[in-house]
Amino acid sequence: MPQNIIEVPGWDTPLTAPSGGDPRTSAAWLVHLQKVANRLGKIGQIVPGLVAAGLPVGVPLSAPALNVNTRFTFDASNLGFKQTSIADVGGLYFPIPVPPTGKVQELHAIVGCAVAHADLPALKPQLQLTRLTYTLGAVMPPGPGLTTTTVTQADPSANAAAYDVLHDIAITGAALSIGASDVFLAHFSGEAAANAQASSLTLFRIYAVVSP
């Protein structure tokens with residue numbers, strides 16, 4: 001299991017260099033330099049594990065690529081996108097910044113509700129990870145020049161109490177490879193139908209986990 005550097009025993013203990021002596025010959029300096037080398041060695045063991053497991057990539061929410069039917073409004077008071085209309089589930093599309101290579105392993109949406117629900121909405125929010133692969137020289141979309149791959153996860157809340165508090169909608173195990181001509185999108189749709197509440201559901205954060 002990868003370990004955070006700050007969780008390594010002794011990492012938060014300051015190393016104090018000797019006040020005098022020649023760093024090349026002093027026994028005190030040699031002990032000090034050995035301690036520094038030991039800590040650097042620990043970092044060398046930890047960092048590859050962190051990278052292999054995947055690093056989080058924040059998805060900027062300031063400018064969605066699309067706000068379907070304008071069902072969501074950015075709420076400056078809590079810095080999230082609030083669903084102000086429940087006429088339908090609407091939808092927010094955000095580009096995911098990814099490196100040139102690797103795999104998108106996970107996608108997460110942190111959501112919560114400003115108004116309590118008597119019961120779960122008949123149509124609960126969904127999170128979708130989409131990869132658009134463009135093939136140069138092929139017929140332009142919607143022809144074979146575009147291949148779409150999607151992974152979808154519905155809100156996992158089992159009851160209204162769990163739904164109303166801050167919680168995570170998570171896509172895991174996606175393992176979508178990143179190619180030079182690929183575009184990745186996060187699509188978040190809201191709630192609607194029976195038990196839905198206007199100006200309640202709020203999207204606070206989206207982030208992906210990318211591995212080499």
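Any value given below was found using the heavy atoms of this structure, including those in side chains, with hydrogens, waters and symmetry copies removed.
Transitive grouping of hydrophobic side chains (ILVMFWY, heavy atoms separated by less than 4.5 Å) keeps Ile86 and Phe72 in distinct clusters. If you chain together hydrophobic residues whose side chains sit under 4.5 Å apart, Val151 and Phe188 fall into the same group.
A donor-acceptor contact under 3.5 angstrom links the side chains of Thr152 and Gln128, judged on distance only.
Taken to the nearest 0.5 Å, the CG atom of Leu203 stands 12.0 Å off from the CG atom of Leu79. One finds the OG1 atom of Thr101 at 7.0 Å from the CD1 atom of Ile178 (value rounded to the nearest 0.5 Å). Remark: Asn159 CG to Asp164 CG distance equals 9.0 Å, nearest 0.5 Å. Taking CG from Asp168 and CD1 from Ile110, the interatomic distance works out to 4.0 Å, rounded to the nearest 0.5 Å. The line from CG of Asn67 to CZ of Phe94 is 8.0 Å long, rounded to the nearest 0.5 Å. Note that CG of Leu107 and CG of Leu185 are 10.5 Å apart. Values are rounded to the nearest 0.5 Å.
Here the options are Asp182, Thr147, Thr149, the test is side chain to side chain donor-acceptor pair (under 3.5 Å), and the partner is Thr133; only Asp182 passes.
Ring pair Phe81/Phe74 is perpendicular by interplanar angle, where above 60° counts as perpendicular and below 30° as parallel. Relative orientation of the Tyr163 and His117 rings is perpendicular, given thresholds of 30° and 60° on the angle between their planes.
Arg205 contributes no side-chain N or O that, together with a main-chain N or O of Gly58, makes up a donor-acceptor pair within less than 3.5 Å. Between the Ser181 side chain and the Thr135 main chain, no donor and acceptor come within less than 3.5 Å of each other. Under a 3.5 Å cut-off, the side chain of Glu191 and the backbone N or O of Gln197 do form a donor-acceptor pair. Counting only distance, with no hydrogens or angles, the side chain of Asn195 and the backbone of Leu120 share a donor-acceptor pair below 3.5 Å.
With sequence neighbours excluded, no residue forms a side chain to side chain donor-acceptor pair (under 3.5 Å) with Thr202. Under the salt bridge (Lys or Arg N to Asp or Glu O under 4.0 Å) criterion, Asp75 pairs with Lys82, sequence neighbours left out.
Legend: salt bridge (Lys or Arg N to Asp or Glu O under 4.0 Å) pairs involving residues 86-97, not counting sequence neighbours, sorted by first then second residue: Arg71-Asp88.
No side-chain heavy atom of Val111 sits under 4.5 Å from any side-chain heavy atom of Pro125.
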